[in-house]
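Everything on this sheet refers to the single structure shown next.
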Amino acid sequence: MAKFKNLIFTALLVLLFVEVLIVFPQKLEHEDDAQVQARVELQEKRKKELEELGKDAQPKPTAGTMADQRMGGVHLVESQKGQRDWELFSESAEGSQGSGNWKLKKVRVFFYNKEKVEFTATGDEGTIDAASKDLKIQGNVITRSENGYVFKTPGISYSSVKRLIESPESVYMEGPPDKTGGGMVVKGRSMQVFVDDSKMLIREKVTATKSTNQGKRFEIDADGAEFSGKHNMARFLGAVRMNYDGMRLEGPEASFMYDRGANILSSISILGGVKVSDADKFATADTVNLDLLANKYVFKGKPKVIQNNDELSGEEIIFLEGGKKVKVERVRAKMENMDK
């Protein structure tokens, strides 16, 4: 009789677990009040049955008595405030009754923002904290934004409270491809993805490369980089140093902007006090805009150009044809030969 009760107790416990952990999250969004009430009553009934059987059949908890649970083909949905937070698929899950943590194999997670998939993460292994609903994914982890950014990291963690994906390890990013072919390639030491804001950050020792439609190439060093899941604009922040077409540009912030209609990198703006130098010139300005489609560079905000000890300044200085011609608004020139 005791063995029979043990079997019934175990079966009910497993059934309750499956209903609470797997079935409940998937059905929650579609239940009306009557369905919710019926489900609650059913769970209460099973809980009482477990309590009655447990008086005779359930062993007292001791080390090593918590039975392992293994499941295949796992599908979980977690919701917050009536909207989906994440949806997880896994080949298998393994854990123990009462531990609160589950180990997963071959994981794919969809992270939602206002009922739309914003980011997708895949990896070899993962864990779920049943209490907090936090996730960890390890091994060949790839995180993708819906607009085409791809991040590769050894592992990530996700906080359900903060709605934040993080990786404290090295990150490799490929931007969405454009008319030139490949997208921007970025490397850094850590990553943060803010799901609600659809914002992606790469931090510390950031390096990046990007080719243009003229066959030229940008090489960038910065303290950090920011990308958006809504559009293809990139920002580099903190001691930005950039090489392009024989020029070296330095400033606190640089923004890469794309022509949406043509799907091509159209311009770069460097802000906050800019220094530009090449083989024979040195220039400074508050802002510099590189118009890649028109092949012109515009210096604004106290612009100054020094070449062969001659100084040229004005309200605005424009280099045309990639620097072959110069146009100055309200020019102020200081020529070495004139001083003599």
Side-chain angles (χ1 to χ4, degrees), residues 86-87 108-123 137 140-154 156 158 163-167 169-237 240 242-245 253-270 289-295:
W86 51 258
E87 185 174 11
R108 179 184 297 271
V109 182
F110 298 103
F111 295 97
Y112 286 84
N113 184 12
K114 298 179 181 178
E115 288 301 311
K116 293 182 179 180
V117 175
E118 201 78 7
F119 299 96
T120 303
T122 59
I137 305 175
N140 300 311
V141 178
I142 298 176
T143 305
R144 291 181 170 87
S145 69
E146 281 302 291
N147 64 337
Y149 287 97
V150 178
F151 300 82
K152 298 179 180 180
T153 57
I156 61 171
Y158 173 71
R163 299 266 289 155
L164 174 65
I165 302 169
E166 289 187 283
S167 175
E169 302 172 278
S170 61
V171 56
Y172 172 91
M173 187 210 83
E174 294 177 358
D178 58 24
K179 226 173 184 179
T180 63
M184 181 179 291
V185 175
V186 183
K187 298 178 183 179
R189 291 189 174 179
S190 63
M191 176 188 78
Q192 289 184 311
V193 176
F194 297 86
V195 177
D196 285 339
D197 298 327
S198 194
K199 183 169 67 175
M200 302 156 276
L201 302 180
I202 298 179
R203 301 184 183 277
E204 300 180 62
K205 301 292 183 181
V206 173
T207 62
T209 58
K210 177 71 180 79
S211 298
T212 71
N213 59 325
Q214 298 94 359
K216 299 174 183 178
R217 176 183 172 95
F218 283 94
E219 296 178 347
I220 308 149
D221 294 304
D223 295 335
E226 178 182 318
F227 305 91
S228 171
K230 300 298 184 184
H231 50 75
N232 296 348
M233 190 187 85
R235 292 176 66 220
F236 292 88
L237 307 167
V240 180
M242 182 163 48
N243 292 316
Y244 172 71
D245 195 24
E253 179 181 336
S255 296
F256 284 62
M257 288 159 286
Y258 287 74
D259 185 303
R260 293 185 180 181
N263 187 29
I264 196 168
L265 179 63
S266 58
S267 64
I268 295 97
S269 294
I270 305 100
N289 184 76
L290 308 183
D291 187 332
L292 303 179
L293 301 182
N295 198 24

Heavy atoms, side chains only, cut-off 4.5 Å: are L292 and S266 in contact? no
CD1-OG1 distance between I137 and T122, expressed to the nearest 0.5 angstrom: 7.5 Å
Are K199 and F194 in a cation-pi setup, meaning NZ or CZ lies under 6.0 angstrom from the ring centre and within 45 degrees of the ring axis? yes
Charged N to carboxylate O under 4.0 angstrom, E118 versus R144? no
Of the non-hydrogen atoms in A254 and V240, which two are nearest, and what is the gap between them? CB-CG1, 4.0 Å
Quick one: are V193 and L164 in side-chain contact, heavy atoms under 4.5 Å? no
Value for CZ (R189) from OG (S167), rounded to nearest 0.5 Å, stands at 13.5 Å
Can you find a heavy atom in the side chain of M257 that is under 4.5 Å from one in the side chain of S269? yes
Working for side chain to side chain contact (heavy atoms under 4.5 Å, CB included), residues N289 and S267: CA-CA 7 Å; N289 184 76; S267 64; 4.1 Å; yes
Salt bridge check, D178 against K210: does any charged N sit closer than 4.0 Å to a carboxylate O? yes
Quick check: are there more than 12 heavy atoms from other residues, nucleotides or ligands sitting under 6.0 Å from CG of D197? yes
Does a donor on one side chain sit under 3.5 Å from an acceptor on the other, for T209 and E219? no
For the residue pair D221 / T207, report whether a side-chain donor-acceptor contact shorter than 3.5 Å exists. no
Evaluation steps, side chain to side chain contact (heavy atoms under 4.5 Å, CB included), between Q192 and I202: CA-CA 7 Å; Q192 289 184 311; I202 298 179; over 6 Å; no
What one should report as the nearest heavy-atom pair of A208 and V186 is CB-CG2, 3.8 Å
Closest non-hydrogen atoms of M200 and S228, given as atom of the first, atom of the second and distance, are CE-C, 3.2 Å
Between F119 and Y112, is the ring centre distance below 6.0 Å? no
Please evaluate residues M184 and F256 with respect to the criterion side chain to side chain contact (heavy atoms under 4.5 Å, CB included), reporting the C-alpha separation (whole Å), side-chain torsions for both, the decisive distance (0.1 Å), and the verdict. CA-CA 10 Å; M184 181 179 291; F256 284 62; 3.8 Å; yes
Within the structure provided, determine whether F218 and I268 are in side-chain contact (heavy-atom separation under 4.5 Å). yes
Looking at Y158 versus F111, is the centre-to-centre ring distance below 6.0 Å? yes
Give, for atom NZ of K216 and atom OG of S211, the distance between the pair rounded to the nearest 0.5 Å. 12.5 Å
K179 side chain near L265 side chain, heavy-atom distance below 4.5 Å: no
Where does the angle between the aromatic ring planes of Y149 and F227 fall among parallel (under 30°), tilted (30 to 60°) and perpendicular (over 60°)? tilted
For side chain to side chain contact (heavy atoms under 4.5 Å, CB included), just list the numbers for R217 and N243, CA-CA rounded to whole Å, side-chain angles, deciding distance to a tenth of an Å, and then say yes or no. CA-CA 8 Å; R217 176 183 172 95; N243 292 316; over 6 Å; no
So how far is it from E253 CD to E226 CD, rounded to the nearest 0.5 Å? 8.5 Å
Work out which heavy atom in S170 is nearest to a heavy atom in P154; give both atom names and the distance. O-CD, 3.4 Å
Please give me the minimum heavy-atom distance between A121 and T143, naming the atom from each residue. CB-OG1, 4.0 Å
So, N113 side chain and K116 main chain: donor-acceptor pair closer than 3.5 Å or not? no
D259 side chain reached by L293 side chain, heavy atoms, under 4.5 Å: yes
Heavy-atom side-chain contact between K205 and D223 under 4.5 Å: no
Side chains of T120 and R108: does their closest heavy-atom pair fall under 4.5 Å? yes
How long is the gap from NZ on K230 to CD on E146, to the nearest 0.5 Å? 9.5 Å
CZ of R203 to CE of M191, rounded to nearest 0.5 Å, is 12.0 Å
